[in-house]
Amino acid sequence: MNSSAAPHPAVSAARLDAATSELDPPFGVADLDAFDRNASGLVDRAGGKPIRVATKSVRCPELIDRAARTPGFSGLMCYSLAEALWLYRTGVSDDLLVAYPTADRRSLAELASEPGAASAVTITVDSAEQLDLVERSGGRSAERLRVCLEVDAAWRPLEDSALGRIPWLGSGLAGLVHIGPRRSPVRSPGQARELAREVERRRVFRLVGLMVYEGQIAGVGDAPPGQPLRAAAVRWVRHRSAAELSRRRAAVVEAVGGVAELEFVNGGGTGSLETTATERAVTEVTAGSGLIGPTLFDAYHDFRPLPSVLFALPVVRRPGRRCATLFAGGYPASGAAGRDRLPSPYLPSGLRLTGTEAVGEVQTPVVGRGAGALRPGDRVWFRHAKAGELAERLDEYHLIEWQDATRCRRVGSARTYRGAGRSFG
């Protein structure tokens, strides 16, 4: 559990219902007290390293700004260049790192031609081909475009073993076992140095940062409920991977630092703040999901964020004594398909999805001991599996605050990207 967060008020369906009684579901709420406690917990876990807000995990400008203004946070990590330019124009931040390479030629041209944007937005690359694409996009900046070089952080056990030192094994065989996201083709200090030289060679660009994101540590829970063997295996992988990456990341930073003076070295995520922040080579970390507390982040041993964003669905019929059917709810999360990607009934307690329908486009049945008391017009509160994707389903979050341990009230609303008429893929 996250020991840095104080106990949260006793959340109940009745108290949430009372605070939102004038609203007709489906709708979403953001619990500002839980959000702020989560932000403070992330700062504590980062151990003094500044935290970038991962905007993809929030997708609501008001909440992004709320986190960014929390002491210990600094700057934004965006998932889209168009998104970064929009947030820059709205004044949310003037320090925006686009964490994924872009092929958006229109936004690249805007970045180069819009006054001030080139000094506020940093784009990420991992190949010379991406540099070519940027140069072909049109538009010329009065200053060199800021570039962050991404290095792959995945763990390849065959490379991190005696086998990896056998010349005839070759990089192809050594890379057969790849644990982690498939991101950058750049892995070694030598590869990073060569790409850094290529960036600096071109007069259009200026290398200012490095990013090394360890998704196999930050994004994989090490305490899946009821799976002790899987938990042990995940912890072993996390430990070995972190040790290998710490050595390699330091070597990469040294190699690239000989080519350009770096402003930042970014790493980590919500699930790895403690380990990543201890590395001297890392100057900042990133977190986003830990602000929201989705169900996928229940499976961690050392911390657990509070659920700060929920959504309500209305009961519309009763097909059986211990079954109630809700309107809508088909909001599955991205990633490899599985039940862990589905929203989960949260309040009232004693509810579960059915195995045959799960969450549906137009209806979602719930069963269990809690279903017997539900009647048409009642609400069931859900948590989403991933942090930011609920915002793509709703135009706004209704903001609630706790007055004391038993009462909460609605204090306003905040538009999501969708509510602002924005969609970034």
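FYI, side chains are in, hydrogens and waters are out, and symmetry mates aren't considered; it's all heavy atoms of this structure.
- A salt bridge between Asp340 and Lys386 is absent, with no side-chain N of the basic residue lying under 4.0 Å from a carboxylate O of the acidic one.
- In this structure, Leu87 CG and Ser93 OG are separated by 8.0 Å, a value rounded to the nearest 0.5 Å.
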What do the steps show when you test Glu194 against Arg197 for salt bridge (Lys or Arg N to Asp or Glu O under 4.0 Å), and what is the final call? CA-CA 5 Å; Glu194 289 307 306; Arg197 288 172 176 165; 2.8 Å; yes

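- In this structure, a donor-acceptor pair under 3.5 Å is absent between the side chains of Ser308 and Arg37.
- The neighbour count for Arg339 CZ, taken as heavy atoms of other residues, nucleotides or ligands under 6.0 Å away, is above 12.
- A cation-pi contact, defined as under 6.0 Å to the ring centre and within 45° of the axis, is absent between Arg144 and Phe205.
- In this structure, Glu392 places its CD atom where more than 12 heavy-atom neighbours from other residues, nucleotides or ligands lie under 6.0 Å away.
- Salt bridge status for Asp152 with Arg183: absent, with no side-chain N to carboxylate O gap under 4.0 Å.
- Distance alone, capped at 3.5 Å, is enough to place a donor-acceptor pair between the Gln130 side chain and the Asp126 backbone.
- No side-chain donor from either of Arg105 and Ser137 sits under 3.5 Å from a side-chain acceptor of the other.
- Put simply, the side chain of Glu214 gets close to the backbone of Gly268: a donor and an acceptor are under 3.5 Å apart.
- Checked by atom type and distance alone, the side chain of Arg52 pairs as donor or acceptor with a backbone atom of Leu76 at under 3.5 Å.
- More than 12 heavy atoms of other residues, nucleotides or ligands shown are found within 6.0 angstrom of CZ on Arg393.
- A salt bridge links Arg206 with Glu263: the distance from a Lys NZ or Arg NE/NH1/NH2 to an Asp or Glu carboxylate oxygen falls below 4.0 Å.
- Of the residues Leu16, Leu32, Val411, Leu310, the one that meets the side-chain contact (heavy atoms from CB on, under 4.5 Å) test with Ile400 is Leu16.
- Taking the charged nitrogens against the carboxylate oxygens, Glu244 and Arg248 do have a contact shorter than 4.0 Å, which makes a salt bridge.
- For the pair Ser57 (side chain) and Gly288 (backbone), a donor-acceptor distance under 3.5 Å is absent.
- At least one test fails for Arg341 against the ring of Tyr331: distance under 6.0 Å to the centre or angle within 45° of the axis.
- Looking only at distances, a side-chain donor or acceptor of Arg304 sits under 3.5 Å from a matching main-chain atom of Asp298.
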Stepwise ring-ring contact (aromatic ring centres under 6.0 Å, His included) test for Phe382 and Tyr346: CA-CA 5 Å; Phe382 279 75; Tyr346 181 51; 9.8 Å; no

Stepwise side-chain contact (heavy atoms from CB on, under 4.5 Å) check, Asp404 with Trp402: CA-CA 5 Å; Asp404 52 42; Trp402 286 85; 5.8 Å; no

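- A side-chain donor-acceptor contact under 3.5 Å links Thr283 to the backbone of Val265.
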Take Leu23 and His398 through the test side-chain contact (heavy atoms from CB on, under 4.5 Å) and record every step on the way to the result. CA-CA 9 Å; Leu23 302 175; His398 296 279; 3.5 Å; yes

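- Thr70 contributes a side-chain N or O that, together with a main-chain N or O of Ala67, makes up a donor-acceptor pair within less than 3.5 Å.
- Because its NZ or CZ atom is both nearer than 6.0 Å to the ring centre of Phe303 and within 45° of the ring axis, Arg45 counts as a cation-pi partner of that residue.
- Around atom CZ of Phe424, more than 12 heavy atoms belonging to other residues, nucleotides or ligands sit under 6.0 Å away.
- Looking at Ser107, its side chain never comes within 3.5 Å of a backbone N or O of Asp104 through a donor-acceptor pair.
- For the pair Thr416 (side chain) and Gly419 (backbone), a donor-acceptor distance under 3.5 Å is present.
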How far apart are the C-alpha atoms of Val147 and Val208, what are their side-chain angles, what is the distance that settles it, and do they pass the side-chain contact (heavy atoms from CB on, under 4.5 Å) test? CA-CA 6 Å; Val147 169; Val208 299; 6.0 Å; no

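- Within 6.0 Å of CD on Glu361 lie no more than 12 heavy atoms contributed by other residues, nucleotides or ligands.
- Annotation for Arg89: atom CZ counts as buried by contact number, over 12 foreign heavy atoms lying within 6.0 Å.
- A salt bridge does not link Arg410 with Glu401: none of the charged nitrogens is closer than 4.0 Å to a carboxylate oxygen.
- Of the possible polar contacts, one joining the Glu83 side chain to the Tyr79 backbone as a donor-acceptor pair under 3.5 Å is found.
- Glu284 and Ser74 share no donor-acceptor pair across their side chains, judged by distance under 3.5 Å alone.
- Using a cutoff of 4.0 Å between basic side-chain nitrogens and carboxylate oxygens, Arg66 and Glu62 are not scored as salt-bridged.
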